[in-house]
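So you know, we letter chains A, B, ... as the sequences are listed, proteins then strands, and number each from 1.
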Amino acid sequence: ILNVEQSPQSLHVQEGDSTNFTCSFPSSNFYALHWYRWETAKSPEALFVMTLNGDEKKKGRISATLNTKEGYSYLYIKGSQPEDSATYLCALGGSGGGADGLTFGKGTHLIIQP
Amino acid sequence: NAGVTQTPKFRVLKTGQSMTLLCAQDMNHEYMYWYRQDPGMGLRLIHYSVGEGTTAKGEVPDGYNVSRLKKQNFLLGLESAAPSQTSVYFCASSGSGETQYFGPGTRLLVL
């Protein structure tokens, strides 16, 4: 069973500020790293899938980086807005890339304060 | 295009009762998954399927059975429910084996 750690567990950020949080994972036998956004009372929604060391992905004000050699990924949110409030999940895909399921971290719960 | 749907949305069971949770997807995806979400835990994989007629165990399969008789449906069965199975159950599907698309969840309470 892979160990995926996310920090911090929760985060309060003022509207307009930028923020980032971390996903740590075993650097050996890496295949794919997924980020999901999960709003209360909704389903988790895919943000990014990253597979290569040094990968950077961007979607609007949200971006992510990947370091497979040291086993971490950062998720950045620029100019936080109230609609960014959600739990952000990180997940590892196994040797099947994710076909045999994902191993999720516990998530970072982000609250944007107006 | 409804994506991934789950039935029922909420259910209360007594210990020892059985039930089946239904997951349906209309995206023609090969891969389907059942996860459970418990407080303080990440989503944990129960069972998964890489194609019609195939199933495999995930991280926490005990007490559950699954079937994938049709490509679009993935059923999760509880033969004899236990209070430890009180949870929120999420189904997901994937076309490529990468990005997974989640259903809205089924909240199950076992008394």
Task: Residues Lys58(A), Glu56(A): salt bridge by 4.0 Å N-O rule - done: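 So Lys58(A) does not pair with Glu56(A) through a salt bridge.
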TODO: Heavy atoms only, distances under 4.5 angstrom: which of Ala46(A), Gly107(A), Pro44(A), Ala91(A) has the most pairs with chain B? Name it, please.
DONE: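 Of Ala46(A), Gly107(A), Pro44(A), Ala91(A), Pro44(A) has the most heavy-atom pairs under 4.5 Å with chain B.
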What do you reckon, are the aromatic ring centroids of [X] and [Y] less than 6.0 Å apart?
X        : Y         : value
His34(A) : Phe104(A) : no
Phe25(A) : Tyr72(A)  : no
Phe21(A) : Tyr88(A)  : yes

Open item on the list: Need one label for Trp38(A): side chain, backbone, both or neither, based on atoms under 4.5 Å from any heavy atom in chain B.
Closed with: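 Side chain only.
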TODO: Under 4.5 Å heavy-atom distance to chain B, tell me which part of Tyr36(A) shows up: side chain, backbone, both or neither.
DONE: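 For Tyr36(A), the contact with chain B is made by the side chain alone.
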- [ ] Go through the atoms of Glu30(B) and report whether side chain, backbone, both or neither lie under 4.5 Å from a heavy atom of chain A.
- [x]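 Neither part.
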Task: Flag, side chain of Asp38(B) to backbone of Ser87(B), donor-acceptor distance under 3.5 Å - done: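 Side chain of Asp38(B) to backbone of Ser87(B): no pair is present.
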Task: Top of Gly105(B), Gly58(B), Gly40(B), Ala92(B) for chain A proximity - count of heavy-atom pairs under 4.5 angstrom - done: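 Option with the top pair count is Gly40(B).
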